[in-house]
Amino acid sequence: TAPSESVCRAAAGKHCGAKTSAQREGTSARRRKRAQKHGVSAAQYRGGAASSAIGGRHRCADEAAAQILKEGMKMILTERQQQIKDNYSRVLESISDAAAKAGRSEDSITLLAATKTVCAEDILFAVDSLGITHIGENRTEEMCAKFDALRGHAKIHQIGTLQRRKVRTIADKADLIESVDSIPLAAEIDKRFGALGRKIPVLVEINNGREAAKSGIMPEDAPSFVDELEQFSSIEVAGLMTMAPVCEKIDEYRKYFSETYRIFIDIFNGKPHNIREYILSMGMSDSFVPAIHEGATEIRVGSAIFGHR
């Protein structure tokens with residue numbers, strides 16, 4: 001007897017790799033288990049949605065982790081800003097107290113934030129949120145690296161030792177140079193700033209501790225040195241700067257600051273100049289209080305605001 005049509009189709013299907021009903025049921029059961037494992041329907045799993053859903057779940061997990069990290073960083077940043085704000089408030093209180101004891105107005109004292117190794121983000125917070133208007137960089141490399149971020153936000157001073165070969169790198173950046181201590185350096189400053197059509201205010205650095213390892217003009221040489229600087233048309237002598245030797249007791253700083261103040265008065269008292277007020281830059285985080293007592297008009301404060309680094 002000839003085989004039936006259904007038997008022929010079944011036989012043909014077997015040889016062509018077609019699945020029997022039992023095989024199809026087994027495949028469906030396995031698919032349902034996999035779909036259940038991944039939280040999708042069997043139809044979605046069969047249609048390839050499982051990989052999409054799984055990938056989506058992984059992406060969601062990654063995004064959640066990134067958000068948690070972002071929020072954590074935001075919390076850390078907020079703590080850092082609060083630390084800077086608290087430190088700044090304490091410094092302002094100390095300035096106010098010192099000025100009152102010296103019979104001076106706190107408005108007569110400029111607070112310059114010394115920003116050596118401080119990131120631009122922290123500096124911008126101190127400037128834009130706290131109201132600091134003057135910052136000082138010790139290294140020309142740091143000034144150059146941060147300049148684009150800080151441009152226009154505050155006056156930028158060069159407060160560290162300045163090498164002649166590096167003057168050109170800050171000629172379009174510095175608003176004031178606080179460490180002029182030689183005629184060759186002054187000549188280079190005059191040359192580089194003059195080439196840009198700029199006249200730069202400078203402070204003459206006084207080595208009031210007469211320390212061999214430090215730069216600066218000897219106190220007795222300061223008057224004649226200031227006179228020599230008048231030959232440079234692109235330099236404007238705006239005052240004096242000094243960095244006292246490290247002292248064990250806070251009152252020991254006063255003798256160095258008082259000597260520099262006397263030199264300052266002898267040189268600039270009644271001296272005609274385009275500067276509205278001459279600058280006497282004295283005192284840092286550990287010495288700005290006695291500096292204010294002895295007549296400083298600018299103090300350079302770093303670690304007391306930004307913390308030790």
Side-chain angles (χ1 to χ4, degrees), residues 110-120 122-123 126-127 132-151 153-193 198 200-218 222 225 229 235-246 253 256-257 260 279-288 291 296-309:
T110 298
L111 171 58
L112 178 144
T115 53
K116 176 182 176 181
T117 74
V118 179
C119 68
D122 286 349
I123 299 171
V127 170
I132 288 174
T133 56
H134 295 259
I135 64 171
E137 287 292 347
N138 285 70
R139 299 168 180 160
T140 56
E141 294 84 359
E142 281 197 63
M143 182 186 293
C144 294
K146 302 172 189 176
F147 181 71
D148 285 342
L150 303 177
R151 185 203 305 257
H153 289 265
K155 296 291 185 182
I156 304 176
H157 297 213
Q158 170 67 33
I159 61 175
T161 300
L162 180 59
Q163 297 176 331
R164 277 182 289 165
R165 64 186 178 86
K166 295 185 178 180
V167 171
R168 63 178 180 80
T169 66
I170 64 167
D172 60 340
K173 301 174 181 67
D175 294 299
L176 192 148
I177 296 174
E178 298 204 8
S179 50
V180 175
D181 63 352
S182 75
I183 294 301
L185 174 60
E188 184 67 14
I189 293 171
D190 184 67
K191 172 185 174 182
R192 297 297 181 178
F193 281 80
R198 299 188 65 195
I200 182 74
V202 304
L203 304 186
V204 173
E205 182 176 1
I206 306 298
N207 186 344
N208 60 11
R210 294 174 169 79
E211 298 174 275
K214 284 185 179 177
S215 56
I217 299 296
M218 291 297 113
F225 183 75
L229 293 180
I235 286 179
E236 189 170 32
V237 180
L240 305 180
M241 183 275 274
T242 195
M243 187 167 67
V246 176
Y253 286 103
Y256 298 106
F257 295 146
T260 307
I279 301 168
L280 179 55
S281 179
M282 303 192 299
M284 300 188 293
S285 289
D286 56 354
S287 60
F288 70 83
T297 66
E298 177 191 277
I299 55 175
R300 309 179 303 275
V301 182
S303 59
I305 296 174
F306 298 105
H308 292 282
R309 58 235 191 239

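Computed over heavy atoms, backbone and side chain alike; hydrogens, waters and symmetry mates excluded.
- With values rounded to the nearest 0.5 angstrom, M243 atom CE is found 7.0 Å from S215 atom OG.
- Counting only heavy atoms from C-beta outward, the side chains of S287 and F257 approach each other to under 4.5 Å.
- Contact between T169 and C144 at its shortest, heavy atoms only, is O-SG, 3.4 Å.
- Considering all non-hydrogen atoms of both residues, I135 and L150 come closest at CD1-CD1, 3.5 Å.
- A donor-acceptor pair under 3.5 Å is formed between the side chain of E142 and the backbone N or O of T117.
- Considering only heavy atoms from C-beta on, E141 comes within 4.5 Å of K166 through its side chain.
- Using modelled atom types, no side-chain atom of K214 and backbone atom of N208 make a donor-acceptor pair closer than 3.5 Å.
- With contacts defined as side-chain heavy-atom distances shorter than 4.5 Å, the pair I177/F193 qualifies.
- The distance from the CE atom of M284 to the CZ atom of R300 is 6.0 Å, given to the nearest 0.5 Å.
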For a quick test of your reading: what N or O donor-acceptor pairs under 3.5 Å do the side chains of residues 154-162 make, sequence neighbours left out?
residue : atom : partner : partner atom : Å
H157    : ND1  : E178    : OE2          : 2.8
H157    : NE2  : H134    : ND1          : 3.0
Q158    : NE2  : N138    : O            : 3.0
Q158    : NE2  : G160    : O            : 3.4

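- Rounding to the nearest 0.5 Å places OG1 of T140 at 9.5 Å from CZ of R168.
- No side-chain heavy atom of L240 sits less than 4.5 Å from a side-chain heavy atom of T242.
- Counting only heavy atoms from C-beta outward, the side chains of V167 and L185 approach each other to under 4.5 Å.
- In this structure, a donor-acceptor pair under 3.5 Å is absent between the side chains of E298 and T110.
- The backbone N or O of V118 lies less than 3.5 Å from a partner atom in the side chain of K146, making a donor-acceptor pair.
- Residues forming a side-chain hydrogen bond (donor to acceptor under 3.5 Å, both in side chains) with S285 (at least two apart in sequence, or on another chain): S303.
- The two residues F306 and A113 have their closest heavy-atom pair at CE1-CB, 4.0 Å.
- The two residues I200 and A174 make their nearest non-hydrogen contact at CD1-O, 3.5 Å.
- Separation of atoms CZ (R210) and OH (Y256) is listed at 9.5 Å; rounding is to 0.5 Å.
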_side-chain contact (heavy atoms from CB on, under 4.5 Å) evaluation trace for M143 with T115_ = CA-CA 9 Å; M143 182 186 293; T115 53; over 6 Å; no
*Mind running side-chain contact (heavy atoms from CB on, under 4.5 Å) on L176 and I279 for me, showing each step along the way?*
CA-CA 11 Å; L176 192 148; I279 301 168; 3.8 Å; yes
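- Atom OG of residue S281 and atom CD1 of residue I299 lie 9.5 Å apart, to the nearest 0.5 angstrom.
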*side-chain contact (heavy atoms from CB on, under 4.5 Å) between F147 and D172: does it pass, once the steps are laid out?*
CA-CA 10 Å; F147 181 71; D172 60 340; 5.6 Å; no
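- Minimum interatomic distance between A186 and V180 (heavy atoms only, all atoms of both residues): CB-CG1, 4.3 Å.
- One distance of note links NZ of K116 with CZ of R139; it measures 4.5 Å at 0.5 Å rounding.
- When every heavy atom of A171 is checked against every heavy atom of R198, the shortest pair comes out as O-NH1, 2.7 Å.
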*Go through the steps for L111 and I305 under the test side-chain contact (heavy atoms from CB on, under 4.5 Å), then give the verdict.*
CA-CA 11 Å; L111 171 58; I305 296 174; 4.3 Å; yes
